[in-house]
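A short worksheet on the structure shown next.
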Amino acid sequence: MAETSSPSVLRAETNSWFDRVPPAYWVLGVVLLVIPAFVSDFVMGEIMARAFIMGIIALSLMLLGGYGGMVSLAQMAFAGFAGYMIAVFGTSAITDISQGWPWWIVIPLALILTIILSTAVGWLAVRTEGIYTIMITLAIAAAFFYFTRQNYDIFNGFQGFNSVLPPQLFGVDWRGSYAFYYLTLFWAILGYAVVLYISRAPFGLALQGVRDNPRRMSALGYNVTAHRVAAYAFAGLIAGIGGILLTWQLSQISPGTVGIGAAIDVLVIAVVGGLRHPIGPFIGAFIFVVLETFAKDFLVTLGLSGDRFQLVIGLGFLIIVFFSPDGLLGLWDKFRAARNRDPLTGQDRGEREL
Amino acid sequence: MRRFANTHPIWTGIIAIIVVILLWLIFAIWPPGLVDVIGRKKVFLSALFNGITLGGLYFLVASGFTLIFGLMRNVNLAHGTLYLLGGYVGFHAANITGYWLLAFPVAFVVVGVCGVLLQVLVFRRMEGEDLRQTLVTIGISIVMADLMLWGFGGDFVNISPPSWLSGPVETFFVTAQKRSGDLVYLKYPIVRIVIFVAAVVLGVGMWLALNKTRIGMMIRAGVDDRDMLSATGARIQIVFVGVFAFGAGLAGIAGVVGGTFQSIAPGEDIRFLLASLVVVIVGGMGSIPGAALGALLIGLAEQFGSVYFPTYAVVLTFLIMVLVLAFRPQGLMGQS
C-alpha cells in the first residue's frame with residue numbers, strides 16, 4: 001500500500017492530508033467499521049479483536065525487526081508484563097495482591113513500567129547483533145516465563161490472575177463485544193498509523209540507517225546505541241498496549257500467556273505477514289488467528305485427527321519462510337513484479353495503476 | 001594459564017580463594033555452626049555433584065551446538081529437537097535390542113543423519129542468511145515437536161540403565177561424623193558418575209581431535225577464515241557435513257544420557273535448546289572449552305539454586321547470563 005501511495009504523495013504535495021489517504025485505506029476502514037453489523041459476536045471477539053491484539057504485539061516486533069534489524073523474541077514478555085502490572089495494581093480476583101487502584105493511575109503506571117523493562121532489556125540486547133539478539137531475547141523471554149511461574153509474591157505463580165476486567169468508562173461496558181471490538185480496532189489503527197509515521201520521521205529514517213550500516217551512521221554523528229535502545233523502548237510501549245488489551249480480552253493473565261510458545265507465535269505472526277511494512281503483522285495475525293481457531297475443524301473435516309493443528313501451523317510457517325523470507329508481503333511483491341515484467345523483453349514495464 | 005595469571009592478578013586471586021573454599025567445603029567435616037547456617041553437608045555435596053553431572057549433560061548438548069555455530073555460523077534452533085529425537089530413538093533402540101549401550105550408537109547415527117539432511121537441504125541453501133535460518137529451524141522444531149508427540153506419545157519416557165549401573169555407590173567423600181566417631185560417606189548413583197566420566201572423556205577427546213589432528217586443524221582454520229580455507233583447496237563442504245553430522249550426533253547421544261539421567265518428554269526440546277543457548281552465550285560462541293565452562297557453571301547454578309533458593313532457581317541461571325553479557329558480551333572464553 002505504501003508503495004502505491006508514494007507517487008501520489010509526490011504529485012499531491014500541496015493537497016490536504018485528506019486527499020492523500022490512498023483509496024485502499026478508505027475501503028478497508030469502512031469494511032472494518034461496519035463489519036460488526038454482519039458477523040456474530042464470536043467472530044468479532046474471538047477472531048477480529050484477537051487478531052488486532054496479536055497484530056499490535058507483532059507490530060512492536062515489526063518495528064524492531066523491520067526498521068531496526070533487531071529481531072526480539074521478548075515482545076510477548078513485555079506484553080505479558082504490562083498485563084501483569086494491570087492485574088497487580090488494578091483489580092482482580094486475587095485480592096491479596098491486587099492493589100485496586102483506579103484505572104487512570106494503573107494504566108499509565110503499567111505502561112511506564114513496561115517501557116522501563118523494555119529499555120533495560122534493549123540496553124542488554126543491543127550489546128549483541130543479529131542472531132545473538134534472537135538468542136538473548138529468547139533467553140530473557142524464557143526467564144520471565146519461569147519467573148512469573150515461580151514467584152508467588154507479585155505474580156501469583158502458576159495460577160496468575162483472573163477476573164482482570166477493563167474499567168467501566170463513560171458508561172460503556174468495555175467487555176461487551178461491540179465496545180471491545182472498537183476498542184481494539186482503535187488501538188490497532190493508532191498503532192499502525194504511528195509506526196507508519198515513525199518510519200518516515202527523522203527517528204525512523206535514522207533507525208533504518210542504523211539497520212543498514214551502523215558504522216556509517218555512527219561516523220555521521222548518530223548515536224547508534226541510543227537509537228536502538230529508543231526503538232526497544234517504543235516497541236515496549238506498543239507491546240504493552242497490546243498486552244493490556246490481551247489481558248482484558250482473556251480477562252486473565254497467567255504464565256501460560258507469556259510462555260515460550262507464545263513468544264514464538266508472535267515471531268511467526270510478524271514473519272508470515274512480513275516485516276517490511278506495518279500492515280504485515282496484522283495480515284499475519286488475522287491468518288494466524290483464523291488458523292488457530294479453525295485448523296482443528298478443518299483437520300476433522302479432512303478425516304484427520306484434530307490434535308495435529310500445531311503441525312498445520314508449523315508447516316504453513318515453514319513453507320512461507322522457506323520460499324519467501326519477507327512473508328506474504330514479499331510474495332505479493334514478487335507476484336506484482338512478475339506481472340509487471342514484459343513477457344517479450346523480460347524488462348520491467350514500470351508501475352501501473354492496480 | 002600462566003598468561004592469564006600475569007594479566008589478571010586480581011581475578012586469579014579471587015578464583016584461587018574460591019577454589020580453596022570449595023575444596024575445604026568438600027573435604028572437611030563441617031562444624032555444627034556452619035551446618036546451622038547453610039544446612040547439612042550431604043545436601044551441599046549432592047547439589048554439587050548433581051550440578052557437575054548436569055553440567056556434563058549440558059556440555060554434551062551445547063558442544064555440538066557451539067561447534068556447528070563456530071564453524072558454519074549456522075544457527076540451529078532445532079538443536080533441542082535433535083536432542084529429544086535422540087532420546088526417543090535411544091529409548092526404542094534399548095527396548096527392542098535389550099542393550100542399553102546399543103542406544104548410544106543408534107541415536108548417534110540416526111540423529112547424525114538428520115543433521116546431514118538439515119545441513120544439505122536447509123542450511124546450504126541459505127548460507128549467510130541468519131534470520132532466515134533461524135526462522136526455518138524454528139519452523140522445523142515446531143513441526144518435529146508435533147510429529148514426535150504424534151509418533152512417540154506425550155508420556156514421560158525413562159531409559160533404564162542396565163543392572164550393573166543401577167544403584168548407588170559409596171564414595172570417599174565424608175558427609176558427617178556420627179557420635180560414635182564413625183564417618184558417614186556420601187552415596188551417589190553410579191550411572192551418573194559413569195556418564196559424567198564419559199562426557200569428560202568425550203570433551204577431552206574432542207579437544208585433542210581439534211588441536212592435534214589434521215581434520216581438527218581444518219576445522220579450526222574454517223572457524224577463523226572459511227574463504228581462505230576453501231581457497232587452499234580443502235573440501236570445505238565435506239568438512240561442513242562432517243561437523244554437522246558429528247554435532248547433531250552428539251545431541252542424539254545427549255538425548256540418551258538425558259533419558260537415563262532424568263526423563264524424556266515433549267517440551268524437553270525447548271528446555272535443552274534454551275540450556276544450550278545460555279551455555280554458549282555464557283561460555284562464548286564456537287569455543288569448546290567455553291562450552292565446558294559454561295555448562296559447568298549453569299549446571300551448578302541450577303542445582304544449587306534449586307536447593308538453596310528454590311523459588312528463583314531458574315532466574316539465577318539467567319542472572320549469570322545477564323551478568324556475563326553486561327561485562328563480557330563475547331562470553332567468558334569467546335574471542336573479542
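Residue numbers begin at 1 in each chain, while the letters A, B, ... track the order of the sequences.
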Practice prompt. Select one option (side chain, backbone, both, neither) describing which atoms of B:L121 are under 4.5 Å from chain A's heavy atoms.
Written response: backbone
Worksheet entry | Listed partners of B:E302 passing side chain to side chain donor-acceptor pair (under 3.5 Å), at least two apart | B:Y58
Discussion item. Within a 6.0 Å radius of atom CZ on B:R125, are there more than 12 heavy atoms belonging to other residues, nucleotides or ligands?
Written reply: no
Worksheet, complete the sentence: When the 4.5 angstrom heavy-atom criterion is applied to B:L319 and chain A, the contacting part is neither
Please output the side-chain donor-acceptor pairs of residues 253-272 of chain A that fall under 3.5 Å, not counting sequence neighbours, one pair per line with the distance.
{"unit_1": "A:T257", "atom_1": "OG1", "unit_2": "A:S254", "atom_2": "N", "d": "3.3"}
{"unit_1": "A:T257", "atom_1": "OG1", "unit_2": "A:S254", "atom_2": "O", "d": "3.0"}

Worksheet item: By a 4.5 Å heavy-atom criterion (distance strictly below it), what part of B:M144 contacts chain A: side chain, backbone, both, or neither?
Response: neither
Worksheet entry | B:L135 side, atom CG; A:I134 side, atom CD1 - distance, nearest 0.5 Å | 6.5 Å
Worksheet item: What distance separates A:L138 CG from B:I138 CD1, expressed to the nearest 0.5 Å?
Response: 7.0 Å
Worksheet item: Checking A:Y146 against chain B: side chain, backbone, both or neither under 4.5 Å from a heavy atom?
Response: side chain
Worksheet, complete the sentence: Given A:A142, A:A125, A:A139, A:G65, the one with more heavy-atom pairs under 4.5 angstrom with chain B than any other is A:A139
Fill in: Winner by heavy-atom pair count (cut-off under 4.5 Å) against chain B, out of A:I319, A:I136, A:L315
A:I136
